[in-house]
Amino acid sequence: MRAFLGIGLPAGVREAIVSATANVRGHHAPVAWTAPENLHITLIFLGEILPERVPLAERSMRNVASGIGPFSLTAEGGGTFPGTRNPRVLWVGLLEPLELVKQLQQNMENALSGAGFPREDRPFHPHITVGRTRGALPPAWGERFVETLSGKRFGVVPVSSFTLYESRLGPGGAVYTPLCDFRLEGPDKRET
């Protein structure tokens, strides 16, 4: 089964992202847009794992969740990976306190690695994937995408838990099924 760990988004943030990208989505470019209900922040992509390894991942993540407290992120702006000339991934950005989400992800990476799961081979850049390109884009399309989202704020993402998801690929796109939620139990880091 394909699995990943991620943070779900509030409905208002998802709606704001879909609304802000509606104009760009209307341009007939070869982009597979993320379904609104699938918008999330990926922390770790586990890839293909055996179903019997899920309890091991769950135990590791419960330990991680007990050591960090709730915090909030702000979704704002956008960008592309690897760059705007030939983008493959279109994303919405996240604002500080990124050190908290980076620490959470690093703790997860260390716990999973200690449990025998392979480490990610790419550095962690917190973001919300809104689309993936499926072919050559028109000239300057990547720049227009970034300009469309520049300075736009989509809302606050309260992070009080994270989720282990199963991802099933199908003809209509991916379907994400939550397998287990992990509530952050350390000291609360949200501003009051």
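For clarity, every value in this text was computed on a predicted model and none was experimentally measured.
Between Leu169 and Arg2 the shortest side-chain heavy-atom distance falls below 4.5 Å. Under the 4.5 Å side-chain criterion, counting only non-hydrogen atoms from C-beta, Thr129 is not in contact with Phe81. Leu95 is listed as a side-chain neighbour of Arg153, based on a closest heavy-atom distance under 4.5 Å. Contact check for Pro82 versus Arg88: side-chain heavy atoms found under the 4.5 Å cut-off. For the pair Glu15/Val18, no side-chain contact is recorded, criterion being any heavy-atom separation below 4.5 Å from C-beta on. Between Leu184 and Ser160, every side-chain heavy-atom pair lies at or beyond the 4.5 Å cut-off. Using a 4.5 Å heavy-atom threshold, the side chains of Phe117 and Ile44 count as separate. Under the 4.5 Å side-chain criterion, counting only non-hydrogen atoms from C-beta, Val157 is in contact with Ile41.
Taking OG from Ser167 and CD from Glu48, the interatomic distance works out to 9.0 Å, rounded to the nearest 0.5 Å. Going from atom CD1 of Ile7 over to atom CG of Leu104 covers 6.0 Å, rounded to the nearest 0.5 Å. We find the CG-OG1 distance between Asn86 and Thr133 to be 8.5 Å, quoted to the nearest 0.5 Å. One finds the CG atom of Asn107 at 11.0 Å from the CG atom of Leu43 (value rounded to the nearest 0.5 Å). Taken from CG in Asp188 to CD1 in Ile68, the straight-line distance is 11.5 Å, to the nearest 0.5 Å. Here the OG1-CZ distance, from Thr163 to Arg183, works out to 9.5 Å after rounding to the nearest 0.5 Å.
Considering every non-hydrogen atom in both Arg119 and Ser113, the closest pair reads NE-OG, 3.5 Å. The shortest non-hydrogen separation linking Met1 to Pro51 is SD-CA, 3.9 Å. Of all non-hydrogen atoms in Pro30 and Leu137, the two that sit nearest each other are CD-CD2, 3.7 Å. Minimum interatomic distance between Glu58 and Phe182 (heavy atoms only, all atoms of both residues): O-CE2, 3.5 Å. The two residues Leu98 and Pro126 come nearest to each other via the heavy atoms CD2-CG, 4.1 Å. Nearest heavy atoms, Thr148 versus Val24: OG1-CG2, 3.5 Å.
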Audit row: His125, Trp91, side chain to side chain contact (heavy atoms under 4.5 Å, CB included) steps and yes/no: CA-CA 11 Å; His125 296 287; Trp91 50 265; over 6 Å; no
Test side-chain hydrogen bond (donor to acceptor under 3.5 Å, both in side chains) applied to Arg14 and Asn38, step by step: CA-CA 9 Å; Arg14 291 194 315 264; Asn38 285 351; over 6 Å; no
Derivation of the side chain to side chain contact (heavy atoms under 4.5 Å, CB included) call for Thr21 and Phe154: CA-CA 11 Å; Thr21 57; Phe154 306 105; over 6 Å; no
Stepwise side chain to side chain contact (heavy atoms under 4.5 Å, CB included) test for His40 and Thr42: CA-CA 6 Å; His40 67 277; Thr42 299; 2.7 Å; yes
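Residue Arg132 qualifies as open at atom CZ: its count of foreign heavy atoms under 6.0 Å is 12 or below. The 12-atom threshold is not exceeded at CZ of Arg122, counting heavy atoms of other residues, nucleotides or ligands nearer than 6.0 Å. Counting heavy atoms of neighbouring residues, nucleotides and ligands inside a 6.0 Å radius, atom CZ of Arg25 exceeds 12 of them.
Tracing side-chain contacts under 4.5 Å through hydrophobic residues (I, L, V, M, F, W, Y), one reaches Leu39 starting from Leu73; they form part of the same cluster. Under a hydrophobic-cluster definition in which Ile, Leu, Val, Met, Phe, Trp and Tyr are linked whenever side-chain heavy atoms come within less than 4.5 Å, directly or via other members, Leu112 and Leu179 are assigned to the same cluster. Linking ILVMFWY side-chain heavy atoms closer than 4.5 Å, directly or via other members, places Leu9 and Phe124 in a single hydrophobic cluster. Ile128 is connected to Val146 through a chain of hydrophobic side-chain contacts under 4.5 Å among Ile, Leu, Val, Met, Phe, Trp and Tyr, so both are in one cluster. Under the 4.5 Å side-chain heavy-atom criterion for grouping Ile, Leu, Val, Met, Phe, Trp and Tyr, Ile49 is connected to Val64 within one hydrophobic cluster.
With side-chain heavy atoms closer than 4.5 Å counting as contact, directly or through intermediates, the hydrophobic cluster containing Phe45 also holds Phe4, Tyr165, Tyr176.
Side-chain contact annotation: Glu99 with Gln103, donor-acceptor N/O pair under 3.5 Å absent.
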